[in-house]
Amino acid sequence: IKLTVREQKRLVQLVDVFRPPSVYVKHVCYVNFTQYNISQPIYVNMVRDPVERVISWYYYVRAPWYFVERKQAFPELPLPSSKWLRKDYETCVMSGDKECQYKDGDERPDFAQLTEFFCGQDPKCTGFNTEFAMQKAKENVERHYAVVGILEEMNMTLTVLEHYVPRFFKGAKYLYWNEMKRFSKVNKNIYKPKVLDKVKEFVRKNFTREMEFYDFCRQRLHRQYAALKLPPGEMNSIHTAT
């Protein structure tokens, strides 16, 4: 997700040669195209509750199909131990396991940090739950992201996307809900158990700036929806795509 200057230039050049309308999707921290004298693309993204996100990731990397695919892609990587695979999130948190301790400024090997993606490529963006990463992430969202959707508010997200980026998202809500049965099987992890609310709240105390950034994105989405001045009930209605 972090790129060297050379890798950033390669990414910018790659996206720049796409013939519009084109879409590029990748887990990568924000890159400022203009610093390489290339027009900025339309940035969109999605966020979810930061604690729910780390729990999802915790069990995602323990799903059998995940590490099998990793082994196929990177044969030199060792397979995880059975002890690590069986370790549940609640035990990980309450036992003080380093994997589930979220300390300010830590450089984490997982995707625990929402703000890092939006903060960008600056090394100072890497520290977990830092003031710098949060403020820079907010600034980049306001300046460079057309829409940042909220997973927990899918109808509002799709409605805003349809109106703010219609060339790419017109009819998205109709497609999403009518293909839900097929889409719901994609990346669904049957090995993810429920985590107690008290454990989530315990963890959430260390996600102060991550939660502030998430709430910032949520409020921004609400303002974008309000600015559309749509009729009551429009968000929950589904129109046939044309």
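No experiment lies behind these values; they were computed from the predicted model shown.
Put simply, NZ on K138 and CZ on R220 are 13.0 Å apart, with the number rounded to the nearest 0.5 Å. One distance of note links OG1 of T157 with CD of E152; it measures 9.0 Å at 0.5 Å rounding.
A 4.5 Å side-chain heavy-atom check between Q8 and Q35 finds at least one atom pair inside the cut-off. Put simply, the side chain of F117 does not reach to within 4.5 Å of the side chain of V47, judged on heavy atoms. Two residues are said to be in side-chain contact when any heavy atoms from C-beta on lie closer than 4.5 Å; F168 and V44 fail this criterion. Residues E52 and K200 are in side-chain contact: their nearest non-hydrogen atoms beyond the backbone lie under 4.5 Å apart. When side chains are defined from C-beta on, Y164 does not count as touching Y225, because their heavy atoms never get closer than 4.5 Å.
In this structure, L11 places its CG atom where more than 12 heavy-atom neighbours from other residues, nucleotides or ligands lie under 6.0 Å away. In this structure, R6 places its CZ atom where only 12 or fewer heavy-atom neighbours from other residues, nucleotides or ligands lie under 6.0 Å away. Enclosure of atom NZ in K2 by more than 12 non-hydrogen atoms of other residues, nucleotides or ligands within 6.0 angstrom is indicated.
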For R108 and E116, what are the C-alpha separation, side-chain angles and deciding distance, and is it a salt bridge (charged side-chain N to carboxylate O under 4.0 Å, His left out)? CA-CA 11 Å; R108 299 191 57 85; E116 183 174 12; over 6 Å; no

If you apply the rule salt bridge (charged side-chain N to carboxylate O under 4.0 Å, His left out), what do you find for E7 with R10, and how did you get there? CA-CA 5 Å; E7 288 169 338; R10 287 174 58 190; 5.8 Å; no

Before you tell me yes or no, could you show the steps for K136 and D122 under salt bridge (charged side-chain N to carboxylate O under 4.0 Å, His left out), namely the whole-Å CA-CA distance, both residues' side-chain angles and the distance that decides it to 0.1 Å? CA-CA 10 Å; K136 189 63 177 178; D122 190 314; over 6 Å; no

Could you go through the salt bridge (charged side-chain N to carboxylate O under 4.0 Å, His left out) check for R204 and E201 one step at a time? CA-CA 5 Å; R204 202 177 299 278; E201 292 309 309; 3.3 Å; yes

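Judged by distance alone, the side chain of D16 and the main-chain N or O of V12 form no donor-acceptor pair under 3.5 Å.
Sulfur-to-sulfur, C100 and C92 sit under 2.5 Å apart at their SG atoms. Taken together, the cysteine pair C119 and C125 places its SG atoms within less than 2.5 Å of each other.
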Run the side-chain donor-acceptor check on residues 17-25: report pairs under 3.5 Å with partners two or more places apart or on a different chain.
from : atom 1 : to  : atom 2 : distance (Å)
S22  : OG     : R19 : O      : 2.4

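Between the side chains of H163 and Q224, not a single donor N or O lies within less than 3.5 Å of an accepting N or O.
A cation-pi contact, defined as under 6.0 Å to the ring centre and within 45° of the axis, links R62 to Y58.
L114 is connected to V28 through a chain of hydrophobic side-chain contacts under 4.5 Å among Ile, Leu, Val, Met, Phe, Trp and Tyr, so both are in one cluster.
With sequence neighbours excluded, the residues satisfying side-chain contact (heavy atoms from CB on, under 4.5 Å) with P80 are F67, W84, L85.
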